[in-house]
Amino acid sequence: MRILVINAGSSSLKYQLFDTSGGGEVLAKGLCERIGLDGHIKHSAANREPYESDAPMENHAEAVRAVIGLLTGPETGVIADMGEIGAIGHRVVHGGEYFNASVLVNDEVISAIEECVPLAPLHNPPNLVGIRACAEVMPGVPQAAVFDTAFHQTMPEKAYLYALPYEYYERLKIRRYGFHGTSHLYVARRAAEILGRPAEELKIITCHMGNGSSLAAVDGGVSVDTSMGFTPLEGVLMGTRSGSIDPAIIQYLMTKEDLTVVQVTEILNKKSGALGISGVSSDFRDLLAASVGGNSRARAALEIFAYSVKKTIGAYAAAMSGCDALVFTGGIGENHVVIRGLICEGLSYMGLVLDGKKNKAVQGEEGFISEDGSPNKIMVVPTNEELVIALDTQALVSP
Ligand code: ADP
C-alpha cells in the first residue's frame, strides 16, 4: 500500500510517500516551506531528478495540492494519480492522556487533539491544519494520527506525577507526558531485533539526542520513564533549551532583570542549553570545533550535556534494576563520536564498556559501539519516525 506521511508545522509541511508492501520503501519525499508567505518546495523521488522551486502556497491545502502535483507529475512523479494513495499518516505532537497508540482520524479524534491544544499550543494546531488540508484535497482517503506522546502513556504514576497539589493534575492535566515517543519506540524495537531477543525480556535505555534531546527507560518493550515532561523543556539540557533547572530561578530572574514570565520562558527555550552556556552555537558540531580551538565554554557545554545524559542513564538503570542495552539516536546520538565517548566514560560498572575504535567507526548507521566482551551492549540505531507512522497507518487501515 502507498502511504503518505505528513508532518505539518505552522508554515511548513514535510512529506514522505512509502510503499509499505516491501517493509517500507520511501518512493518520494520533500518539504514545503514558507507556506502563507512566498512559498518554497523541495522534492526528491526514486529515479527522478531532485526538484526545487519557489511556489506560492497560500495555505496548507495548497501545499498538499502541490505535493500531489509533484507525486503524480511526468518529471517528478512516482504514482499515476492520487487514487494510488491508500492512506495518510500524520505526526501529531500531543495526544494527552487520550491516546496510548496511533488511531484513525474521525470527529472524536479531532476533538481530542483540539482538547490537547493548550498542552502543545505551537504544535497541535498546525498538525490539525495538516489533517484538515488532506481531508479537503483527498476526501475519503483514511487518515491516521501518530502521537509523540503515545508511547510514554505506559509510564506508571510514580514516574509521571509531579509533586504538586493533586488537583492540578486532575483539573489542569499537569503531569509528565514525554515526547519523541515514536523515535524511542522505533529504536528500542529495532535494538531488540538486532540483539535477536524479544523486547519483553530487555531493559533498554534509549537516548534521542538532536536539537531537542530526551531519554527513555524501556522495560519489556514499554516506556516506564522519560526525561521530557509536561513540555519538551524538561530533562537534559539541549541545543537552546535549559532542560531541568531549579524552578525558583524563574522568579529570581524576573525580579533581578525585570523580565516578564513570557520573556523568561523564551530565554529557557531559545537562549539557554548548549547555546546559552557556550555563547557559540546550539549545534554540537560547531561546539566541538570551538572546543578543539580552545574555547573553554564550548568545552563546558559539551561536558555538561554529556554529564546530564550520563546521570539520567544512571537513574534509569536504577529505575529498571539494570540496562541490557544503551541505544543512541538522533543527529548527535547517531554521529557525535566525542559526545558518545564522554557519556560512556566510566559506565563499565554497569557492564557497558565502550570500544573507542568502534565508536569512531559507527556514524549515521546501525552498529554496536561496545567492546565485543561487554556484558551489556551500547548501540547506534538511526531513528525512523516516518517509517513507524507509515507502518502504524497501514496496520490501522488494513489490520
Ligand atoms: P532535530 O532534533 O532538529 O531533528 P537532529 O536530530 O538533526 O535535530 O540533530 C541536530 C544535532 O545533531 C546538531 O547539534 C548537530 O550538530 C548534530 N549532528 C548532526 N550531524 C552530525 C555529525 N555528522 N557529527 C556530529 N554531530 C552531528
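Numbering of ligands and ligand atoms starts at 1, following listing order. Because the structure is a prediction, the values reported are computed rather than measured.
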Any sub-3.5 Å donor-acceptor pair from T312's side-chain atoms to S308's backbone N or O?
yes
Which protein residues have a heavy atom under 4.0 Å from ligand 1?
G210, N211, G212, D283, F284, R285, G330, G331, I332, N335, H336
Do I6 and V26 land in one hydrophobic cluster if side-chain heavy atoms of ILVMFWY residues count as linked below 4.5 Å?
no
We want to know whether Y51 and E75 form a side-chain donor-acceptor pair, criterion being a heavy-atom distance below 3.5 angstrom.
no
For the residue pair H208 and T329, confirm or rule out a side-chain donor-acceptor distance under 3.5 Å.
no
Can R175 be said to sit on top of Y177's aromatic six-ring, NZ or CZ under 6.0 Å from centre and within 45° of the ring axis?
yes
Where the side chain of D19 meets the backbone of R2, is there a donor-acceptor pair that is under 3.5 Å apart?
no
